[in-house]
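Beneath this line is the structure, given in structure tokens, with notes to follow.
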Amino acid sequence: MAAAATCGAGVLSSGFVASTTRQSDTTSFQRRSKASGADGGGPRLLSIAGTRPSVRNGQLLVSTGLPALDQLLGGGLAVGTVLLIEEDKYNMYSPLLFKYFLAEGIVNGHTLLVASAKEKPADILQELPAPQLDDNGKKELDDIHNPQTPDTDVNMKIAWRYQFLPKMQVGPVSSSRFGHYYDVSKRISQELLGSSKWHGFFLPEHITTELKGESCSLSRGYMKLLEFIQNIIYTEGFDGSNPQKKQKNILRIGIQNLGSPLWGDYICCTENCDNSLRLTKFLYILRGLLRTSLSACIITMPTHLIQNRAITTRVRNLSDTVVGLESFIGSESETNPFYKDYHGLIHIRKIPRLNNLTCDEWDVKDLAFKLKRKLFTIERLHLPPDLSDTVSRSSKQDLADSAKLLGPGCGMMAGGKKHLDF
Amino acid sequence: MLDSLLAVGGLVLLRDSVEWEGRSLLKALIKKSALRGEQIHVLGCEVSEEEFREGFGSDVNSRLVYHDLFKDPLNWSKPGEAVPEGPLGALRAMCRRTDPGPVTIALDSVSWLLLHLPCVTLCQTLHALSQPRVSPGTNSLVEQVRVLGLLHEELHGPGPTGALSTLAHTEVILSGKMGQTSASILCRRPQQRATYQVDPTAHLTFNLHLSKEEREARDSLTLPFQFSSEKQQALLRPGPGQTTSHIFYEPDAFDDVDQEDPDDDLDF
């Protein structure tokens with residue numbers, strides 16, 4: 001825009017051109033318009049709600065719903081990529097990450113596509129956590145849905161000096177437009193759900209008759225899902241195919257329990273099956289669909305059930321970001337005093353390298369998660385601080401011994417038997 | 001223990017082995033739910049009907065509907081039929097039944113079905129079978145369907161067992177040592193928040209309630225720093241010489257002020 005101004009001034013100052021320079025078609029410099037062209041991707045700064053460009057490589061990022069996970073993934077999930085969550089053994093915590101992703105989409109006004117073979121998408125959406133918004137966020141939501149009258153201030157009898165002070169927000173709230181905090185103990189409000197746009201794919205509704213044998217290389221369930229996704233992307237213009245659409249939006253796709261027997265896949269049941277490539281083909285085609293549209297996808301997969309390790313490696317290779325959850329329930333780690341504050345470990349197995357040669361890896365590899373009453377937190381795994389001798393903690397010798405067993409990756413010195421006095 | 005197993009609907013998987021057999025537990029569960037007044041459908045594949053019904057009283061036997069796949073699984077005695085139904089047809093027929101009321105379906109055994117049907121088909125059918133259904137009729141109640149399945153652990157590899165475990169709501173693993181059977185129950189509870197409030201004044205040895213006169217007397221009591229409303233307003237409004245101090249506090253990611261559990265980070 002500055003270039004156009006100077007060029008115009010330059011033409012004026014030449015003096016010999018009598019025609020007016022107010023018309024922009026006399027100069028070859030055009031003002032860059034915001035909604036020009038249908039090609040997505042690239043470092044173009046699109047102003048879509050709930051996205052921001054990455055500071056590392058300029059990719060457009062969306063939040064996963066957990067600010068802690070966003071930080072570990074280098075700012076967020078890049079648009080056009082797949083986030084694979086490897087489920088924990090009893091499938092207790094991976095649905096929570098799935099729901100965070102969808103709830104973030106609703107709060108930002110993105111379109112959702114929920115696919116599941118186990119539960120109905122409407123039921124999944126009913127169980128989303130409620131967002132914790134600060135006053136600005138609440139005001140915006142209220143203006144959108146129903147204008148409410150401000151409630152009269154309560155007349156306090158004893159604490160009247162605090163009458164006009166604003167109410168303090170308990171818990172972390174996010175006043176920014178990227179990455180919100182959610183309260184897991186509350187369900188999302190019905191108005192918020194009703195105002196959101198979502199599409200559901202429930203597999204038993206799409207597969208009615210059962211044929212004797214499937215000869216196609218891609219299972220019918222996967223084929224139907226891919227067609228559904230492609231249809232939505234095309235009709236709603238997420239791939240830029242509908243040029244009349246002024247306001248661009250993101251499509252958030254969530255696929256639950258992919259690869260389980262309910263999707264018609266045999267990889268969890270046998271080690272060598274005939275059509276073991278169905279899942280990898282599905283992921284390959286899905287990635288192609290995502291790269292050409294403004295969408296982001298989360299997939300939860302029970303990889304602990306996949307019998308053939310080669311398939312697990314291929315699946316990880318084909319996904320862009322891979323996060324594995326390992327919960328302590330039922331395992332011997334549950335009684336390990338080192339792990340007593342946490343509910344499980346979280347492994348960031350892969351971070352994508354998009355349009356650059358290096359990826360931004362977090363240097364801490366030992367991360368643990370804990371599901372508190374309202375919040376899902378991810379923390380570094382470390383010993384509690386070495387307080388004075390009089391404070392009784394579960395004996396430091398046990399902790400030091402069990403830390404030694406874990407190996408040197410914990411970021412502490414292994415010989416912790418002596419107390420350090422300062 | 002049996003009540004807790006029968007409390008919620010869904011698939012209950014009983015995993016037994018040669019040393020610790022599970023059919024007696026299955027029969028005990030059937031008897032318990034029959035005594036509650038539910039109808040039981042049994043898909044019998046491994047033992048004959050007489051042997052299965054042995055040990056049940058007449059009231060239990062009257063509620064038991066037995067689908068026999070043991071005597072003639074391949075339908076050889078009726079050669080005129082076009083397509084033998086087989087176990088899959090029997091399961092699908094159970095999905096489609098329309099009789100009202102809570103129902104328990106017992107599969108004796110899931111291992112037999114797993115050996116005769118592809119694993120994926122069985123998983124999908126079991127999932128469809130154990131879904132709660134809306135009863136037809138004027139009052140559309142959501143009925144819980146309970147499916148009890150007996151699985152013999154040594155017959156299958158880790159793949160099918162793992163796949164069925166993910167479908168199951170509750171798993172009972174029978175094991176034991178030295179002649180004593182023990183069962184370990186693994187129950188997957190969906191996250192549920194208690195919505196009822198426990199009344200703390202319920203079971204106390206002293207009286208915490210106020211009578212009407214006591215309440216009025218309490219309300220009319222003048223507290224030491226309770227000023228008249230004019231003086232309150234005067235104090236609240238900042239005077240010309242005073243500067244009000246504002247505190248701007250934004251809790252960040254590490255602040256988790258949980259009103260109900262302020263001692264969350266303490267360690268006893």
Side-chain angles (χ1 to χ4, degrees), chain A residues 67-68 71 87 89-92 95-96 117-118 127 134 155 157-158 160-161 163-165 168-175 181 184-187 203-204 207 210 219 257 260-271 302 304-307 329-330 341 372-375 377 384 392-394, chain B residues 88 92 114 118-128 131 156-167 171 184 186-191 193-194 219 223 225-227 229 231-233 235-237 244 246-261 264-265 267-268:
Chain A
Q71 210 179 9
E87 291 175 10
K89 195 168 171 211
Y90 298 108
N91 200 16
M92 297 207 54
L96 200 57
K118 206 172 189 183
E127 294 177 354
D134 60 342
N155 233 353
K157 193 174 161 199
I158 298 176
W160 51 269
R161 287 183 199 270
Q163 203 163 310
F164 297 129
L165 285 182
M168 189 188 110
Q169 267 297 340
V170 292
V173 291
S174 173
S175 52
Y181 289 97
V184 186
S185 57
K186 293 195 199 125
R187 299 267 171 265
L203 187 68
I207 305 257
E210 186 71 31
S219 108
N257 290 127
S260 74
L262 292 176
W263 280 98
D265 207 334
Y266 281 87
I267 54 175
C268 293
C269 306
T270 63
E271 195 169 328
H304 57 97
L305 289 180
I306 296 181
Q307 298 298 306
I329 301 174
D341 290 329
K372 291 192 199 164
R373 208 175 64 94
K374 286 188 182 179
L375 205 59
T377 52
S392 67
R393 289 211 172 235
S394 57
Chain B
L88 195 57
R92 292 227 177 93
L114 205 56
C119 181
V120 164
T121 322
L122 181 64
C123 285
Q124 286 171 335
T125 321
L126 280 183
H127 182 66
Q131 290 301 300
H156 310 287
T161 329
L164 285 172
S165 301
T166 53
L167 280 183
E171 266 185 82
S184 51
L186 191 72
C187 186
R188 204 170 305 200
R189 254 187 313 248
Q191 305 266 352
R193 308 286 157 192
D219 284 340
L223 296 168
F225 284 97
Q226 192 182 357
F227 304 125
S229 65
K231 192 167 178 193
Q232 278 180 11
Q233 295 296 323
L235 280 170
L236 278 176
R237 224 174 300 122
T244 53
H246 293 279
I247 301 175
F248 299 99
Y249 179 65
E250 260 189 38
D252 62 354
F254 297 103
D255 271 323
D256 188 18
V257 181
D258 196 349
Q259 301 283 24
E260 277 84 3
D261 193 9
D264 194 19
D265 56 342
D267 174 61
F268 294 114

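Protein chains get the first letters and strands the later ones, always in sequence-line order, with residue 1 at the start of each.
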Option in B:Ser165, B:Ala128, B:Pro160 with maximal non-hydrogen atom pairs under 4.5 Å from chain A
B:Pro160
Testing the basics here: between B:Val120 and A:Cys269, what is the closest heavy-atom pair and its distance to 0.1 Å?
CG2-SG, 4.4 Å
May I ask you to check whether over 12 heavy atoms, not counting those of A:Lys89, lie within 6.0 Å of atom NZ?
no
Between SG on residue B:Cys123 and OH on residue A:Tyr266, distance to nearest 0.5 Å:
9.5 Å
Top of A:Leu96, A:Asp265, A:Leu262, A:Asn91 for chain B proximity - count of heavy-atom pairs under 4.5 angstrom
A:Leu262
Nearest heavy-atom pair of A:Lys118 and B:His127: which atoms, and what distance?
O-NE2, 2.9 Å
Name all residues meeting the side-chain hydrogen bond (donor to acceptor under 3.5 Å, both in side chains) criterion together with B:His156; count only those two or more places apart in sequence or in a different chain, and write none if there are none.
B:Ser111
Under 4.5 Å heavy-atom distance to chain B, tell me which part of A:Ala117 shows up: side chain, backbone, both or neither.
backbone
What's the separation between atom CG in B:Leu164 and atom SG in A:Cys268, rounded to the nearest 0.5 Å?
11.5 Å
Which pair of heavy atoms, one from A:Gln307 and one from B:Pro158, lies closest together, and at what distance?
OE1-CG, 3.7 Å
